[in-house]
Peer 1: 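What follows is a single structure, and I will ask about it in a moment.
Everything numeric here is computed off the predicted structure, so don't read it as measured data.
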Amino acid sequence: MDKNSGKLKMEWAMRNMPVMKNIERRFKKEKPLKGIRIAMALHLEAKTANLAYILKEGGAIVAITGSNPLTTQDDVAEALARKGVKVYAKYGENEKEYWENYNKVLDIKPDIIVDDGGDMVYLVHTKRKELLKNIIGASEETTTGVIRDKALQNENKLKFPVIAVNNGQCKYLFDNRYGTGQSTWDGIIRTTNLTVAGKNVVVAGFGWVGRGVAMRAKGLGARVFITEVNPIRAMEAHMEGFTVLPMKEAAKAGDIFVTTTGDTNVIDKRHFALLKDGAVLTNAGHFNVEINMPELEKFAVKKRIVRKNITEYTLPNKNRVYVLGEGRLVNLACADGHPIEIMDLSFALQSLSVEYLLKNKGKLQNKVYNVPEEIDTKVAEEMLKANGIKIDKLTQKQIDYLTKSH
């Protein structure tokens, strides 16, 4: 490993993160996080490393682990550690090592948690309850994590406030749609070297991630099929020109499958025998549960690795299907994750949400909050400014017309 490669990746990412560079300059000067301990669990690559480093530059003591065993880039982890962040992560760690690293990060006794997928928040609510009394709050990056945190809230078990960064407009409108839309196909194309044009692509779920994946598939020339359980989203997909049908029907037609639901068993034993020979199965949801891998392992009569990040399963009917990245996040397990500029927006929300939690210590209830509107607006304004884009402002007469009775 080139010992400078991780450093160079971080520098290239920061070169294209103008909003985060502005936050870095302010954090270095003001030290708004001085003495605060921050525990982080995120996909550990260059953009994330810059977030961790900027929080450290803001005065925090920062420890980080990877939120997925196949998404840590070891050269970046090493470079980040050299910058003074406590790093406990490596590519390909097993489940035991995964949880050991989570616990090592939590051993710093954090004041604030930055989570991706909800595992760290879940861990402190179950096996590390002794830490709860010190935690000011947490911020959550993903749809899956927000769902899990809201489940704790609904059961009256959530013990500190959580900022749902995923629900910020500068996150889901760009990261979930444009970011995942591009990076998912980057992972699939980079790994398989197959054409997308002319193929039948099945996208499970038509939330913001599903919208982005379907939009990019259509642009690449695919025939796109959508599966949904929500009638409103199904109607939206239909109005967008996509074919909407149940997974049992889609399974027979699909050449490439992308799951985007955040739920479990989206493709399972109900569907495996229906798959075409050569079908490619991928997941763009957070956890590796959308494709039921344990059931596929039992159902298949043969298994072999045919290319890096591609596992071939021969089914009883002799059809062969191919799973990318072990059913984990294809855009990170098989590529570099979201484009840099997209993560600039998301991580700006993260940085400012951490600062917001600290400024409002003791003032927030133990529930899940959306990103404050002023933070969302500030991040959007900074990105427009960085791109040299100017917009109109309302006149006082226009403001009065919108806000006063008439």
Side-chain angles (χ1 to χ4, degrees), residues 39-45 48 65-72 95 98-99 102 113-126 137-155 157-158 162-168 171-177 179-181 183-184 187 203-213 227-230 233 257-268 281-293 325-334 337-338 342-343 346-347 349-350 353 367-371:
M40 305 178 68
L42 291 163
H43 301 287
L44 188 40
E45 41 76 55
T48 308
T65 188
S67 60
N68 186 304
L70 294 185
T71 60
T72 294
E95 186 172 357
Y98 175 85
W99 289 112
Y102 264 72
I113 290 172
V114 177
D115 210 356
D116 187 306
D119 271 350
M120 189 163 284
V121 167
Y122 176 78
L123 189 57
V124 298
H125 279 82
T126 52
S139 59
E140 171 55 51
E141 178 74 9
T142 67
T143 303
T144 299
V146 171
I147 290 170
R148 296 177 74 190
D149 293 341
K150 283 189 174 179
L152 285 172
Q153 174 188 301
N154 294 339
E155 295 167 8
K157 293 179 180 177
L158 189 64
V162 176
I163 303 295
V165 169
N166 179 77
N167 294 358
K171 204 281 185 182
Y172 71 78
L173 289 175
F174 304 100
D175 181 306
N176 294 14
R177 179 168 43 169
T180 312
S183 61
T184 291
V203 180
F206 202 66
W208 289 108
V209 171
R211 290 179 180 97
V213 172
T227 71
E228 250 300 344
V229 296
N230 183 310
R233 288 180 179 175
F257 294 76
V258 186
T259 58
T260 71
T261 71
D263 205 348
T264 189
N265 293 6
V266 179
I267 301 176
D268 63 10
L281 306 181
T282 74
N283 171 44
H286 182 79
F287 288 115
N288 59 334
V289 296
E290 303 207 25
I291 303 167
N292 193 324
M293 294 305 298
E326 301 178 5
R328 299 182 186 277
L329 266 173
V330 69
N331 59 331
L332 278 150
C334 300
H338 293 345
I342 296 294
M343 295 313 297
S346 293
F347 286 161
L349 292 182
Q350 282 283 12
S353 292
K367 65 179 188 178
V368 178
Y369 289 86
N370 286 333
V371 174

Peer 1: Can you give me the closest heavy-atom contact between Thr260 and Gly205, atom names plus distance?
Peer 2: OG1-O, 3.2 Å
Peer 1: Provide the closest heavy-atom pair for Ser353 versus Val371 in the form atom of the first, atom of the second, distance.
Peer 2: OG-CG2, 4.3 Å
Peer 1: For His338, what residues pass the ring-ring contact (aromatic ring centres under 6.0 Å, His included) criterion, not counting sequence neighbours?
Peer 2: none
Peer 1: Excluding sequence neighbours, so at least two apart, what forms salt bridge (Lys or Arg N to Asp or Glu O under 4.0 Å) with Lys367?
Peer 2: none
Peer 1: Just by distance, with hydrogens left out, do Asn166 and Asn176 show a side-chain donor and acceptor under 3.5 Å apart?
Peer 2: yes
Peer 1: One pair to check against side chain to side chain contact (heavy atoms under 4.5 Å, CB included): Phe347 and Thr48. What are the steps and the verdict?
Peer 2: CA-CA 8 Å; Phe347 286 161; Thr48 308; 3.6 Å; yes
Peer 1: For Ser139, what residues pass the side-chain hydrogen bond (donor to acceptor under 3.5 Å, both in side chains) criterion, not counting sequence neighbours?
Peer 2: Gln350
Peer 1: Above 12 or not: heavy atoms from other molecules or residues under 6.0 Å from CD of Glu95?
Peer 2: no
Peer 1: Tell me, please, which residues at least two apart from Asp149 pass side-chain hydrogen bond (donor to acceptor under 3.5 Å, both in side chains).
Peer 2: none
Peer 1: Tell me, do Lys171 and Glu141 make a side-chain contact under 4.5 Å, heavy atoms counted?
Peer 2: yes
Peer 1: Where is the tightest heavy-atom contact between Ala284 and Thr184, given as atom of each residue plus distance?
Peer 2: CB-OG1, 3.6 Å
Peer 1: Output the distance between atom OG (Ser67) and atom CE (Met40), rounded to the nearest 0.5 Å.
Peer 2: 10.0 Å
Peer 1: Identify, with sequence neighbours excluded, every residue that meets side-chain hydrogen bond (donor to acceptor under 3.5 Å, both in side chains) alongside Thr227.
Peer 2: none
Peer 1: The criterion is side chain to side chain contact (heavy atoms under 4.5 Å, CB included); which residues satisfy it with Asn154, sequence neighbours excluded?
Peer 2: none
Peer 1: Dump the intermediate steps for side chain to side chain contact (heavy atoms under 4.5 Å, CB included) on Gln153 and Val162, then the final yes or no.
Peer 2: CA-CA 10 Å; Gln153 174 188 301; Val162 176; over 6 Å; no
Peer 1: Tell me, do Met293 and Asn288 make a side-chain contact under 4.5 Å, heavy atoms counted?
Peer 2: no
Peer 1: Out of curiosity, Leu152 CG to Leu158 CG, how far, rounded to the nearest 0.5 Å?
Peer 2: 6.0 Å
Peer 1: If you define the side chain from C-beta out and look only at heavy atoms, does anything of Val121 sit under 4.5 Å from Glu140?
Peer 2: no
Peer 1: May I ask you to test the Glu45-Leu332 pair for a side-chain heavy-atom distance under 4.5 Å?
Peer 2: yes
Peer 1: Verify, without hydrogens or angle tests, whether Thr142 (side chain) and Gly117 (backbone) share a donor-acceptor contact under 3.5 angstrom.
Peer 2: yes
Peer 1: Just to verify, what does Asn265 make a side chain to side chain contact (heavy atoms under 4.5 Å, CB included) with, not counting sequence neighbours?
Peer 2: Asp268, Asn292
Peer 1: List the residues meeting ring-ring contact (aromatic ring centres under 6.0 Å, His included) with Tyr102, not counting sequence neighbours, and say none if there are none.
Peer 2: Tyr98, Trp99
Peer 1: According to side chain to side chain contact (heavy atoms under 4.5 Å, CB included), who are the partners of Thr259, at least two apart in sequence or on a separate chain?
Peer 2: Ala204, Val266, Ile267, Asn283, Glu290, Ile291
Peer 1: Taking all non-hydrogen atoms of both residues, which atom of Gly337 and which atom of Ser183 are closest, and how far apart?
Peer 2: O-CB, 3.2 Å
Peer 1: Looking at Asp263 and Val289, what are the two nearest heavy atoms and their distance?
Peer 2: O-CG2, 3.9 Å
Peer 1: With Asn370, which residues qualify under side-chain hydrogen bond (donor to acceptor under 3.5 Å, both in side chains), at least two apart?
Peer 2: Asn167
Peer 1: Please report the interatomic distance CZ(Phe174) to CE(Met343), rounded to the nearest 0.5 Å.
Peer 2: 14.0 Å
Peer 1: Mind checking what makes salt bridge (Lys or Arg N to Asp or Glu O under 4.0 Å) contact with Glu228, not counting sequence neighbours?
Peer 2: none
Peer 1: Are the side chain of Thr126 and the backbone N or O of Leu123 linked by a donor-acceptor pair below 3.5 Å?
Peer 2: yes
Peer 1: Apply side chain to side chain contact (heavy atoms under 4.5 Å, CB included) to Arg148 and list each qualifying residue two or more places apart in sequence or on a separate chain.
Peer 2: Asp119, Tyr122, Thr144, Phe287
Peer 1: Please report the shortest heavy-atom distance between Thr71 and Ala333, naming the atom on each side.
Peer 2: CG2-N, 3.8 Å
